[in-house]
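I have placed the structure first, in the form of structure tokens, so that the comments after it can refer back to it.
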Amino acid sequence: MISDARPHATTTSADASTARDGRPRPAVPGRGRRRPLSRSQTHAAWLFLLPGLVVLSVFVVYPMGRALYLSFTDYSLLQPPQWVGLGNFTRLLHDPQAANAVKNTLVYAAGTTVCSVALALLVAVFLNRSFPMRGLARTAVFLPYITSLGVVAITWMYLLNPDIGLLSYWGRKIGIDPGQGWLVDPRLAMVAVMAVGIWKYLGFYVVMYLAALQTIPRDLYEAASLDGAGPVRRFTRITWPLLSNQTMFIAIIATVTNVQAFDQVYVMTKGGPFFRTETLVMMMYRVGFTNLQFGYAAALSYVLVAILALLAIVQVTYFNRRLVRY
Amino acid sequence: MSTIAHADVAPRSPGGGPGDEERTRPADRPSPRAVRRWIAALVALSLSLAFLLPVIWMALASFRTSRDLSVFPPTLFPREWTLRNYGQIATQIPFGRLYLNTFLFSGTVTVVSLVLDSMAAYALARLRFRGRGVVFAAVIVLLLMPFQVTLVPLYLLMNTFGLVNTVPGLIVPRLASAFGIFYMRQYFLSLPSELEDAGRVDGASEWRIFRQIIMPQVRPAILTLTLFYFQSNWNDLIWPLVMTNSLTSSTLPVGLALFSSGEHNINYGVVMAGSVLSLLPVVVLFLLVQRVFVQGIATTGTK
């Protein structure tokens with residue numbers, strides 16, 4: 001599933017090649033020294049590309065274009081698509097349910113992303129120290145990432161059941177009363193699906209933070225300690241600024257993942273109670289595959305694209321201004 | 001369970017020279033440093049239990065009777081144990097069939113996509129040809145597109161091919177991935193060019209260079225992508241949910257989700273037994289290759 005947070009390889013994994021034989025990183029072929037374009041290489045290149053590109057063209061590029069076309073039509077499988085111009089988009093602007101879904105998506109994405117990044121940083125700094133059982137904790141925190149959100153959401157649903165759910169019961173004992181139930185109360189249901197989303201993806205971000213923490217030179221901390229800087233100052237003056245590139249990267253991945261939230265919402269609340277947890281993808285699923293309004297669903301999917309593009313631009317400009325270079 | 005911790009290269013505890021405190025203390029009194037280590041261990045243990053709680057509860061609940069599960073107050077440990085849930089799961093939903101479908105779906109996608117993505121990535125990283133920049137830019141654009149945009153048209157496309165409600169219909173659109181091409185390309189770029197120059201001098205074909213010289217060099221990347229593809233398709237919910245309308249052509253997450261939300265009185269012990277069995281292959285695969293996998297995603301993004 002592409003909506004998963006995924007390992008983005010922006011590095012060229014230089015360490016992988018230098019580590020092996022200690023030689024410096026080689027030049028990238030094709031840049032630097034100019035070799036003439038050989039005809040046989042061009043020929044081979046297109047043969048290598050062909051199968052992959054055919055699959056991507058038919059099953060990604062064509063559907064993307066088709067979705068754009070469908071977003072200007074009315075289509076329900078019964079008759080050919082009827083061109084309605086901007087009809088779906090004007091309907092979208094006046095549809096309180098669409099506004100609700102956009103709002104829910106933004107609330108979910110903002111809350112989950114901020115909590116995930118903050119918690120991941122906290123856990124990573126903690127797990128970067130050396131102590132017994134650190135390995136167990138790293139594995140435990142990461143494990144939810146490889147479980148099926150749709151499957152574990154069933155367990156979460158049961159744990160949060162107001163009558164016989166273990167977590168509801170324990171919560172009541174320490175004074176957290178979910179009232180009618182976590183997934184029934186309109187104010188709490190969103191909190192519950194957000195918590196499950198954070199639980200699932202946190203380990204992925206922790207691992208990314210741990211990798212970045214290991215690149216911070218140790219002597220910086222030693223020098224700061226000699227100068228009398230306490231743990232808090234060492235964190236705010238060394239760790240946090242030197243992690244800001246990674247924080248941006250993690251925040252972007254988390255946002256992209258969270259804007260596409262669907263699995264646990266579908267299993268735990270189906271968008272309810274009273275549409276309070278209906279995200280954009282959830283609404284798209286309902287409009288498209290329950291109501292069979294494919295044109296309107298396609299228009300909703302492009303709202304998702306627009307939101308993602310907008311958020312990416314905002315995040316990149318925001319973090320670029322305070323980017324740390326070293 | 002081996003550790004995710006790849007070597008202890010981290011700055012241990014910022015500040016405080018390791019070890020010298022202990023020497024200045026009497027042997028029978030634990031040093032503050034040792035005390036701090038054990039407090040940290042305790043915190044780590046609680047953190048682990050908190051994160052594993054849903055999975056632990058799921059595993060324990062799969063051995064509970066339905067009466068035990070519905071009696072107040074709820075408990076973590078079973079009051080009575082039973083193995084019947086595991087026997088019943090296959091009688092309540094076509095569990096074997098779902099398992100096979102999920103395996104075929106994620107297994108086929110993983111193998112084929114690895115091959116096609118690596119081939120395309122090899123061309124983009126190691127071969128010079130006109131149009132390379134354009135193709136790579138297109139791959140980046142596809143990488144940024146959310147899958148859901150293609151959901152409706154893909155379903156309609158599969159409908160015209162008559163592949164809705166079939167396992168091949170699930171598989172075909174996933175046989176190549178822009179992300180995989182991008183990931184492998186980055187990895188190929190890091191290899192020294194002498195590798196294939198030697199092969200070219202010897203007159204080896206590009207295919208042989210790719211198969212026998214380049215691919216063996218990128219085993220960590222292949223392992224990481226294998227687990228990544230396998231788990232993301234094994235765990236996927238929305239695509240099989242849209243594509244199938246009967247349990248016999250569906251996958252485990254969809255089958256369990258539909259079963260657990262069925263209107264009849266469901267036995268949660270049975271659902272939990274199914275959940276445990278459905279998580280097992282991915283968890284086992286992860287524990288086998290976790291060191292490589294975690295490094296594979298950890299090295300991305302830094303720099």
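Proteins come first, then strands; the chains are lettered A, B, ... in the order of their sequence lines, and each starts at number 1.
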Discussion item. Please report whether the ring centroid of A:Phe131 lies less than 6.0 Å from that of B:Trp38.
Written reply: no
Practice prompt. Examine whether an atom of B:Ser113 lies under 4.5 Å from a heavy atom of chain A, and if so say whether it belongs to the side chain, the backbone or both; otherwise answer neither.
Written response: neither
Worksheet, complete the sentence: In terms of heavy-atom contacts, A:Met133 and B:Ala41 come closest through CE-O, 3.7 Å
Discussion item. Under 4.5 Å from any heavy atom of chain B, what part of A:Met284 do you find: side chain, backbone, both or neither?
Written reply: side chain
Worksheet item: Rounded to the nearest 0.5 Å, how far does OG1 of A:Thr42 lie from CZ of B:Arg130?
Response: 8.0 Å
Practice prompt. Would you mind telling me which of A:Tyr302, A:Tyr69, A:Phe262 has the largest number of heavy-atom pairs within less than 4.5 Å of chain B?
Written response: A:Phe262
Worksheet, complete the sentence: d(A:Asn161 CG, B:Leu69 CG) to nearest 0.5 Å is 11.0 Å
Worksheet item: Stepwise, does the side chain to side chain contact (heavy atoms under 4.5 Å, CB included) test hold for B:Met158 with A:Phe59?
Response: CA-CA 10 Å; B:Met158 290 300 147; A:Phe59 298 109; 3.2 Å; yes
Worksheet item: Rounded to the nearest 0.5 Å, what separation is found between the CD atom of A:Gln260 and the CD atom of B:Gln148?
Response: 4.5 Å
Item to complete: Against chain B, label A:Leu202 side chain, backbone, both or neither, depending on which of its atoms sit under 4.5 Å from a heavy atom there.
Response: side chain
Worksheet item: Between A:Val151 and B:Leu237, is a side chain to side chain contact (heavy atoms under 4.5 Å, CB included) present by the stated rule, with each step listed?
Response: CA-CA 9 Å; A:Val151 172; B:Leu237 183 70; over 6 Å; no
Worksheet entry | A:Tyr145 and B:Phe286 aromatic centres sub-6.0 Å | no
Fill in: Proximity breakdown for A:Leu226 and chain B, heavy-atom pairs closer than 4.5 Å
neither
Discussion item. Can you tell me which portion of A:Val123 sits under 4.5 Å from chain B's heavy atoms? Options are side chain, backbone, both or neither.
Written reply: side chain
Worksheet item: B:Tyr229 versus chain A, heavy atoms under 4.5 Å apart: side chain, backbone, both or neither?
Response: neither
Fill in: Region of B:Val283 in contact with chain A, defined by heavy-atom distances below 4.5 Å
both
Item to complete: Please report the closest heavy-atom contact between A:Leu159 and B:Pro54, naming both atoms and the distance.
Response: CD1-CA, 3.9 Å
Worksheet item: Counting only N and O atoms by type, is there a donor-acceptor contact under 3.5 Å from the side chain of A:Gln41 to the main-chain atoms of B:Arg128?
Response: yes
Worksheet item: So which heavy atom on A:Pro63 is nearest to which on B:Thr150, and how close?
Response: CB-CB, 3.7 Å
Worksheet item: How many angstroms lie between CZ in A:Arg138 and OG in B:Ser48, if you round to the nearest 0.5 Å?
Response: 12.0 Å
Item to complete: Against chain A, label B:Phe210 side chain, backbone, both or neither, depending on which of its atoms sit under 4.5 Å from a heavy atom there.
Response: side chain
Practice prompt. Please round to the nearest 0.5 Å and tell me the distance separating atom CD1 of B:Ile181 and atom CG of A:Leu49.
Written response: 7.5 Å
Practice prompt. Name the option with the most non-hydrogen atom pairs under 4.5 Å to chain A; the candidates are B:Ser260, B:Ala40, B:Ala120.
Written response: B:Ala40
Practice prompt. List the atom of A:Met157, the atom of B:Tyr268, and the distance in Å for their closest heavy-atom pair.
Written response: CE-OH, 3.6 Å
Fill in: ring-ring contact (aromatic ring centres under 6.0 Å, His included) evaluation trace for A:Phe142 with B:Phe51
CA-CA 9 Å; A:Phe142 189 78; B:Phe51 264 82; over 10 Å; no
Worksheet item: Going by heavy atoms in the side chains, are A:Leu308 and B:Met145 under 4.5 Å from each other?
Response: no
Worksheet entry | Contacting region of A:Leu167 [heavy-atom separation from chain B under 4.5 Å] | side chain
Worksheet item: What is the minimum heavy-atom distance between A:Ile164 and B:Ser70, and which atoms define it?
Response: CG2-O, 3.5 Å
Worksheet item: How about A:Val256 and B:Leu144: do any of their side-chain heavy atoms sit closer than 4.5 Å?
Response: no
Fill in: Full working for side chain to side chain contact (heavy atoms under 4.5 Å, CB included) between A:Val55 and B:Val112
CA-CA 11 Å; A:Val55 173; B:Val112 178; over 6 Å; no
Fill in: Under 4.5 Å from any heavy atom of chain A - which part of B:Thr75
backbone
Item to complete: Let me know if B:Ser278 has heavy atoms under 4.5 Å from chain A in its side chain, its backbone, both or neither.
Response: side chain
Fill in: B:Trp57 versus chain A, the contacting section by heavy-atom distance below 4.5 Å
side chain
Worksheet item: Which residue out of B:Leu47, B:Leu45, B:Leu49 racks up the most heavy-atom pairs below 4.5 Å with chain A?
Response: B:Leu45
Practice prompt. Under 4.5 Å heavy-atom distance to chain A, tell me which part of B:Leu157 shows up: side chain, backbone, both or neither.
Written response: side chain
Fill in: Region of A:Tyr209 that comes under 4.5 Å of a non-hydrogen atom in chain B
neither
Worksheet item: Do B:Phe72 and A:Asp163 pass the side chain to side chain contact (heavy atoms under 4.5 Å, CB included) test, and can you show the C-alpha distance, the side-chain angles, and the key distance before you say yes or no?
Response: CA-CA 8 Å; B:Phe72 190 85; A:Asp163 302 318; over 6 Å; no
Practice prompt. Heavy atoms only, distances under 4.5 angstrom: which of A:Val267, A:Val60, A:Thr147 has the most pairs with chain B? Name it, please.
Written response: A:Thr147
Item to complete: Could you check which of A:Val141, A:Leu53, A:Val54 has the highest count of heavy-atom pairs closer than 4.5 Å to chain B?
Response: A:Val141
Practice prompt. Look at A:Tyr75, A:Trp46, A:Tyr285, A:Phe289 and state which one has the largest set of heavy-atom pairs under 4.5 Å with chain B.
Written response: A:Phe289
Discussion item. What part of A:Ile146 gets within 4.5 angstrom of chain B, counting heavy atoms only: side chain, backbone, both, or neither?
Written reply: both
Worksheet item: For the candidates A:Gly65, A:Pro132, A:Ala298, which exhibits the highest count of non-hydrogen atom pairs separated by less than 4.5 Å from chain B?
Response: A:Pro132
Practice prompt. Please determine, among B:Val218, B:Leu241, B:Leu42, the option with the most heavy-atom pairs under 4.5 Å with chain A.
Written response: B:Leu241
Item to complete: Measure distances from A:Pro51 to the heavy atoms of chain B and classify the residue's part below 4.5 Å as side chain, backbone, both or neither.
Response: both
Worksheet item: For B:Leu151, is it the side chain, the backbone, both or neither that has a heavy atom under 4.5 Å from a heavy atom of chain A?
Response: both
Discussion item. Can you tell me which of A:Tyr266, A:Trp199, A:Trp156 forms the most heavy-atom pairs within a distance under 4.5 Å of chain B?
Written reply: A:Trp199
Worksheet item: What is the distance from atom CG of B:Asn233 to atom OG of A:Ser148, rounded to the nearest 0.5 Å?
Response: 11.5 Å
Worksheet item: For B:Leu76, is it the side chain, the backbone, both, or neither that has a heavy atom closer than 4.5 Å to a heavy atom of chain A?
Response: both
Discussion item. Report which part of B:Leu285 has an atom under 4.5 Å of a heavy atom belonging to chain A: side chain, backbone, both, or neither.
Written reply: neither
Worksheet entry | B:Asn235 side-chain N/O to A:Gly150 backbone N/O, donor-acceptor pair under 3.5 Å | no
Practice prompt. Select one option (side chain, backbone, both, neither) describing which atoms of B:Leu256 are under 4.5 Å from chain A's heavy atoms.
Written response: both
Worksheet item: Checking A:Leu166 against chain B: side chain, backbone, both or neither under 4.5 Å from a heavy atom?
Response: both
Practice prompt. Pick one of side chain, backbone, both or neither for B:Val135, based on which atoms fall under 4.5 Å of a heavy atom in chain A.
Written response: side chain
Worksheet entry | Distance-minimising heavy-atom pair for A:Tyr169 and B:Pro74 | CB-CG, 3.4 Å
